[in-house]
There are 2 protein chains.
Amino acid sequence: MKLSQGVEWSVHCAVLLAQGPPGTVASRRTLAGFYGLPEAYLAKHLKSLVRSGVLHATSGPRGGFRLARPAAEITVLDVVEAVEGEASAFVCTEIRQRGVCAIPAEQCVRRCTVDRIMQDADDAWRESLRGRTIGEIARGLSPEVRERSRGYLAENRPA
Amino acid sequence: MKLSQGVEWSVHCAVLLAQGPPGTVASRRTLAGFYGLPEAYLAKHLKSLVRSGVLHATSGPRGGFRLARPAAEITVLDVVEAVEGEASAFVCTEIRQRGVCAIPAEQCVRRCTVDRIMQDADDAWRESLRGRTIGEIARGLSPEVRERSRGYLAENRPA
DNA sequence: GGTGACTTACTCGGATACGGCGTGTCCGAGTACTGCAGG
DNA sequence: CCTGCAGTACTCGGACACGCCGTATCCGAGTAAGTCACC
């Protein structure tokens, strides 16, 4: 099991936007340059964030990405699910109903125990991420870092 | 993020072994047949379980796989980590130290907040799986299922 | 001077190649039983 | 009848192809500002 690196990029980008004043807009070039990321590839992930309603995008000059909601209302889970998808990491294929000792479907009234345990773990993981917000992360950064981020965002603000 | 299907197979196989009397041995052919799985591929995962010390393998006739410890002492996490590896799903690449606004390493005394949040979620996931054991699952199965499993294991017990 | 359209430069969005890991399979090394020959 | 040995059949273990999704990139569609001609 491995998370896409796009998750790290996306969360950091969201936090960066959250450090500026509300409504701060930054182009993908600006975002990629801040962290030294490949611009074209980062764009792919930003697009996913737009589709999921985490970011809002505007085209043309003065365009770019901004948070679609107040940073305090965007959970880390929102960002992760935007990139990785909302599907659970574990998918039960009901192998108990296959093979020579297949259990007839009518006997499978209870959900597969293995499935339930894996889903419980998945829920715990999501619940942990749901409890942390982008705004919380941005607010917890050191004043020096926040100051530098705000300066960069202001400099590269689309004219 | 997606878990290998080998996880499902491995957990079910461990549970199957746990349904028989302690020390029950089953060959990969027996295990694969029970669930209708491709024997050659299942073998790959069983090998991982042996490497991780979850199962114990013996060669030759009367050989096969058996649980390396009492089923109550084998957690679901043990099986999952055997197949998926113990590495965390999220790996922090310290992108805050890269790009035009790179934070000097000497200022990074605190661990990256994003990393900490992701690791917390990962820990919650693992903790959830660590609390459930193979033996617990086997004991919770319905008597009919357990009886059928025991019968199959006895029938296919290596002569 | 004001206004309108045009040019332009910048933005995002979808479509398109490449590569690594999970998926799937095979054959070889090792072992315990089985049958037989010899004592 | 007992014993030793060779053959055999079954087991696991490592090495070898294939396919899909993450990785990485590009070019086209759209937009708003700036500019210039015209009124």
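These figures come from a predicted structure and were not determined experimentally. The chains referred to below are lettered A, B, ... by the order of the sequence lines, with proteins before strands, and numbering in each begins at 1.
When only modelled atom types and interatomic distance are considered, A:Thr93 and B:Glu8 share a side-chain donor-acceptor pair under 3.5 Å. A:Gln119 and A:Ser88 are linked by a side-chain donor-acceptor pair at a separation below 3.5 angstrom, with hydrogens and angles left out of the test.
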Polar atom pairs between nucleotides 9-12 of chain D and protein, under 3.5 Å, N or O only, would you list them?
unit_1	atom_1	unit_2	atom_2	d
D:dT11	O4'	B:Gly60	O	3.0
D:dC12	OP1	B:Arg28	N	3.1
D:dC12	N4	B:Arg28	NH2	3.4

Which protein N or O atoms sit under 3.5 Å from an N or O of nucleotides 21-24 of chain C?
unit_1	atom_1	unit_2	atom_2	d
C:dT23	OP2	B:Ser4	OG	2.7
C:dT23	OP2	B:Tyr41	OH	2.9
C:dT23	O5'	B:Tyr41	OH	2.9
C:dG24	OP2	B:Gln5	NE2	2.8
C:dG24	O6	B:Lys44	NZ	3.1

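Residues satisfying the side-chain contact (heavy atoms from CB on, under 4.5 Å) test with A:Ser142, not counting sequence neighbours, are A:Glu144, A:Val145.
Considering A:Arg69, A:Arg132, A:Arg126 as possible partners of A:Asp78, the one that fulfils the salt bridge (Lys or Arg N to Asp or Glu O under 4.0 Å) test is A:Arg69.
Here D:dC26 presents its C1' atom at 16 Å from CG of A:Leu42, a figure rounded to the nearest Å. The distance from atom NZ of A:Lys47 to atom P of C:dT16 is 12 Å, rounded to the nearest whole Å.
Two residues are said to be in side-chain contact when any heavy atoms from C-beta on lie closer than 4.5 Å; B:Met118 and A:Leu3 meet this criterion.
Between B:Tyr35 and B:His12, the distance from one ring center to the other falls under 6.0 angstrom.
A distance-only check finds no donor-acceptor pair linking the side chain of A:Gln19 to the backbone of A:Leu153 [under 3.5 Å].
Between A:Arg130 atom CZ and A:Asp123 atom CG the span is 8.0 Å, to the nearest 0.5 Å.
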